[in-house]
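So the structure is just underneath, and the comments pick up after that.
One-based numbering, in listed order, for ligands and for the atoms of each.
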Amino acid sequence: MTRTVSISPFKDQKPGTSGLRKKVPVFQAPGYTEAFIQSIFDSLEGFEGKTLVIGGDGRFYNRDVIQTALRMAAANGFGRVLVGQGGILSTPAASHMIRKYKAFGGLILSASHNPGGPTEDFGIKYNISNGGPAPETITDAIYARTQVIDRYLIADFADVDLDALGTFEGGGMTIEVVDPVADYAALMETLFDFDAIRALVAGGFRIAFDAMHAVTGPYAREILVRRLGVDPAAVLNATPLEDFGGHHPDPNLVHAKQLYDLMMSPEAPDFGAASDGDGDRNLIIGRGVFVTPSDSLAMLAANAHLAPGYKDGLKGIARSMPTSGAADRVAAKLGVEMHETPTGWKFFGNLLDASRCTICGEESAGTGSDHVREKDGLWAVLLWLNILAVRKQSVMEIVEDHWAEYGRTYYSRHDFEAIDTDQANQLISALEGKLDSLAGHQVGSLTIEKADSFTYHDPVDGSVSRNQGIRIFFEGGSRLVFRLSGTGTSGATLRIYMERHEHDPARQGEETQAALAPVIEAAEALAGIRKWTGRDAPTVIT
Ligand code: VG1
Ligand code: CO
C-alpha cells in the first residue's frame, strides 16, 4: 500500500558542495528526510521501473534512512533497488555500481569526512546515471522543489534485513542486498598490476592504512589483506563504527595525526595512507615525507602510465581551482589538456564523459580517474603502490625526483571553522569589492599581478558557474585563494589556500608554513581575517 503524506516545505534545505549535510537531529525531525528524498525524486524524470542504488558510509542513522528510502523508492515507482549489505557502500563503489548495472541513479548517504553519531552529521546526495554527483541543473531543481514540496509518497512494508545477501520484494519493487566490495575489488584488479604489488609486499615492503573506523575498512581488508597479502595488522581502525570511534574521519594532518606520527618515527613502514568517512579521499605519507594532495595528483599523473589501466597515457588532467598548479606542469610536459574546475567532484563528470581528461584531483585529498565518476581513496592508494612496485624506489625518492624535474609547489590550506556566517559573508564581499583595484599593489614583500572571482565555463555543455572563489595572483608565481565551504554544518567555514612555486633546488627544502609565510601574511593584510572571524589562528592547517 502506498500513502501520500502531507508536509510543509523546509526552507533551509540548501545543498552544498556534495548534497545536503545537516546534524542528525535535523534529519530526524518528522518529515525532513522524507521531504528531501521526495524533492530528489520529484526533480527526476523517467525512472519508472528503473534501478536505484542505495548505500552509505555506515554512520549513525544510515540504516534508518535506508529503510525510509527503500519505501519511498517503491512508492515513487522504481523497479529495483540495489543496496549494499549492512547499508554499506563507499562513494566510489556506489559510483561503480550505478555504472556497472546501468542504474538510473543512486542515493549515497554520507557526510563524508564530517563526524558521525546521534548529535553529529548526516548527509544525502544524489548521483546520476554516469555514476557521478548530480550536476547543478539537478541540484538547483532539487533545492527549488524543497521550497514548495507539500507531500511525499511512501509504501508500507516491514524493514528489509540489510545484513542478509539476497533478493526481497517490497511495495512491488525488487530489493537486492548485494556485496558492497566484490564488484569494486574486481574493477581495481582490471586497473592495477596486482602481481607486481603482491611481489612488492612479499618482498618486505611495509604498509600502514588507516580506515579511520569508516567505510573503507571492509574494502581494505578484501583488497590489501586478502588479495595483496598485506599484514592484517597494517589496516588500522578497520571496523566501521557509527560514530567513527568519536573521531573525524578526515584524512588530514590534524585528524590522521596518529598515522602521520608513525610515518615520521623511526619505526615508520614504507608507505602510509588513510581514507575518509565515505572512502573517496586519500592521504598519502611516505616514510618521513608527507605528500600534499596537490603534489600527489601531479605525481600520479606523471607516473600513471606505469599501471596497466593507464598504459596508453592520459587524455588530460583536471583539478579544482584551489588545487595547486603542480599538475599543470605535468600536463604541459605530457602535452595533454589541463582543466581547472570549481570545487566539488560534480564538475569533473562532463570532462570525463567527453574523454577530455583521465585523472582528476582536488587539494582536499581527492584523486580519481575515468574508472568511476567520484574521487576514489583506495584507487589512489593502489595506483601509488603500483608505481612504487614498478619504480622500485621509495616515496621520498619519487617525490624528490618529481621536484627536481618540475619544481616544488609549496602548498597549504588554512581553515577557520564554525565562524559566524554573516561575518564570513562580509569578509568575502569586502574582498570582492576591491578586486578590481588590487593589481600592482604591494603586500609585504609580494606584488599583486591580478585578482578575480573564479568563473567556470564548462567546455562540454557551456554552462557557467560564478563566484567559485577569490583568486589573488602574485608576481613570481605565488597564489592566494579565499572561499567559503559548502559542506560545513555549523556556521560558516572560511578556507584560505596558499601556494608558492619554487624551481630552485637549493630552496626546495623549507618547512611549508615558513616557505609560505609571505603569502600567509598577505592573506591577513588583504582580508582582515582576525577582525572578521574574531580568531587568531586557523582551526585546521593542512
Ligand atoms: C570539501 C572540499 C572539496 C570536496 C568536498 C566534498 O568541500 O573542499 O574539495 O569536493 O568537501 O568532499 P568544501 O565546500 O567544504 O570546501 V567529500 O569527501 O566531503 O564528499
Ligand atoms: Co568523502
Side-chain angles (χ1 to χ4, degrees), residues 14-21 55-59 89-95 108-116 121-127 132-134 136 139 211-212 214-216 219 244 248-252 255-256 274-283 292-294 296-297 318-324 340-349 360-368 372-380 411 413-419 424 428 454 465 467-469 481-497 539-540 542:
K14 180 78 183 168
T17 317
S18 17
L20 182 70
R21 287 185 195 174
D57 63 12
R59 69 179 59 225
L89 274 182
S90 77
T91 288
S95 182
I108 303 181
L109 312 178
S110 171
S112 188
H113 54 289
N114 296 18
D121 294 356
F122 193 77
I124 302 179
K125 62 177 171 173
Y126 178 71
N127 281 30
E136 278 188 339
T139 53
M212 304 191 88
V215 81
T216 48
Y219 294 85
F244 308 118
H248 291 226
D250 191 349
N252 62 30
H255 298 296
S275 192
D276 71 333
D278 60 331
D280 56 0
R281 296 190 183 197
N282 70 92
L283 175 76
T292 70
S294 293
S296 182
L297 170 67
R319 64 164 170 87
S320 67
M321 180 276 281
T323 305
S324 94
E340 183 178 34
T341 62
T343 294
W345 210 261
K346 59 187 169 197
F347 295 97
F348 294 135
C360 319
E362 294 193 278
E363 51 65 43
S364 54
T367 345
V372 289
R373 292 294 179 273
E374 287 277 5
K375 53 191 185 272
D376 188 344
L378 269 167
W379 169 90
Y411 189 86
R413 187 179 93 190
H414 290 193
D415 293 335
F416 294 79
E417 296 174 315
I419 58 175
I428 294 290
F454 180 56
S465 305
N467 300 319
Q468 299 296 326
V481 171
F482 296 86
R483 64 176 279 281
L484 296 179
S485 156
T487 61
T489 56
S490 336
T493 292
L494 170 68
R495 302 200 196 283
I496 306 176
Y497 311 78
T539 18
V540 176
T542 52

(message) Can you tell me which N/O/S atom of Asp278 has the shortest distance to the Co ion (ligand 2)?
(response) OD1

(request) Rounded to the nearest 0.5 Å, what's the gap from OG on Ser112 to CG on Asp280? Could you check? (result) 5.0 Å

(message) If the cut-off is 4.0 Å to any non-hydrogen atom of Asp280, which atoms of ligand 1 fall inside it?
(response) 17 (V), 18 (O), 20 (O)

(request) Determine whether His113 and Asn252 make a side-chain contact, defined as any pair of heavy atoms from C-beta on separated by less than 4.5 Å. (result) no

(request) Check each atom of ligand 1 against the heavy atoms of Gly344 and keep those under 4.0 Å away; list them by number with element. (result) 10 (O)

(message) One thing to verify: whether Arg319 and Glu362 come together as a salt bridge, which I'm taking to mean a side-chain N less than 4.0 angstrom from a carboxylate O.
(response) no

(request) Name the orientation class of the two ring planes belonging to His255 and His248 (parallel below 30°, tilted from 30 to 60°, perpendicular beyond 60°). (result) parallel

(request) Taking Arg59 for its side chain and Asp121 for its backbone only, find out whether a donor-acceptor pair lies under 3.5 Å. (result) yes

(request) Would you mind naming the N, O or S atom of Asp276 nearest to the Co ion (ligand 2)? (result) OD2

(message) Pair Thr367, Asn282 - check side-chain hydrogen bond (donor to acceptor under 3.5 Å, both in side chains), show working.
(response) CA-CA 7 Å; Thr367 345; Asn282 70 92; 2.8 Å; yes

(message) Please check whether Ser364 reaches ligand 1 - meaning an N/O of the residue sits under 3.5 Å from an N/O of the ligand, judged on distance alone.
(response) yes

(message) Closer than 4.0 Å to some heavy atom of Arg483 - which atoms of ligand 1 meet that?
(response) 13 (P), 14 (O), 16 (O)

(message) Show me which atoms of ligand 1 lie under 4.0 Å from any heavy atom of Glu362.
(response) 3 (C), 4 (C), 9 (O), 10 (O)

(message) Less than 4.5 Å apart, side chain to side chain, heavy atoms only: is that true for Pro92 and Leu378?
(response) no

(message) Show the atoms of ligand 1 that are less than 4.0 angstrom away from any heavy atom in Gly486.
(response) 13 (P), 14 (O), 15 (O)

(message) Looking only at distances, can you tell me whether any N or O atom of Thr343, backbone or side chain, sits closer than 3.5 Å to an N or O atom of ligand 1?
(response) no

(request) Using a 4.5 Å cut-off on heavy atoms from C-beta on, say whether the side chain of Tyr497 contacts that of Ser364. (result) no

(request) Heavy-atom contacts with Arg495 under 4.0 Å: which atoms of ligand 1 show up? List them by number with element. (result) 8 (O), 13 (P), 15 (O), 16 (O)

(request) Assess Ser112: does it contribute an N, O or S atom lying under 2.8 Å from the Co ion (ligand 2)? (result) yes

(message) In the structure I gave you, are the side-chain heavy atoms of Phe454 and Pro342 within less than 4.5 Å of one another anywhere?
(response) yes

(message) Is it the case that ligand 1 has an N or O less than 3.5 angstrom from some N or O of Lys375?
(response) yes

(message) Less than 4.0 Å is my threshold; does some heavy atom of Arg21 fall inside it relative to ligand 1?
(response) yes

(message) Taking distance alone, with N or O pairs closer than 3.5 Å, would you say Leu484 contacts ligand 1?
(response) no

(message) At less than 4.0 angstrom from any non-hydrogen atom of Ser112, what atoms of ligand 1 do you find?
(response) 17 (V), 18 (O), 19 (O), 20 (O)

(message) For N/O/S atoms only: which one belongs to Asp280 and is nearest the Co ion (ligand 2)?
(response) OD1

(message) I'd like to check Asn127 versus Glu374 (side-chain heavy atoms, cut-off strictly below 4.5 Å). Are they in contact?
(response) yes

(request) Using the side-chain contact (heavy atoms from CB on, under 4.5 Å) rule, pick out the option among Lys125, Arg281, Lys375 that qualifies with Thr91. (result) Lys125

(request) Ignoring angles and geometry beyond distance, decide whether Asp276 reaches within less than 3.5 Å of ligand 1 through its nitrogen or oxygen atoms. (result) yes

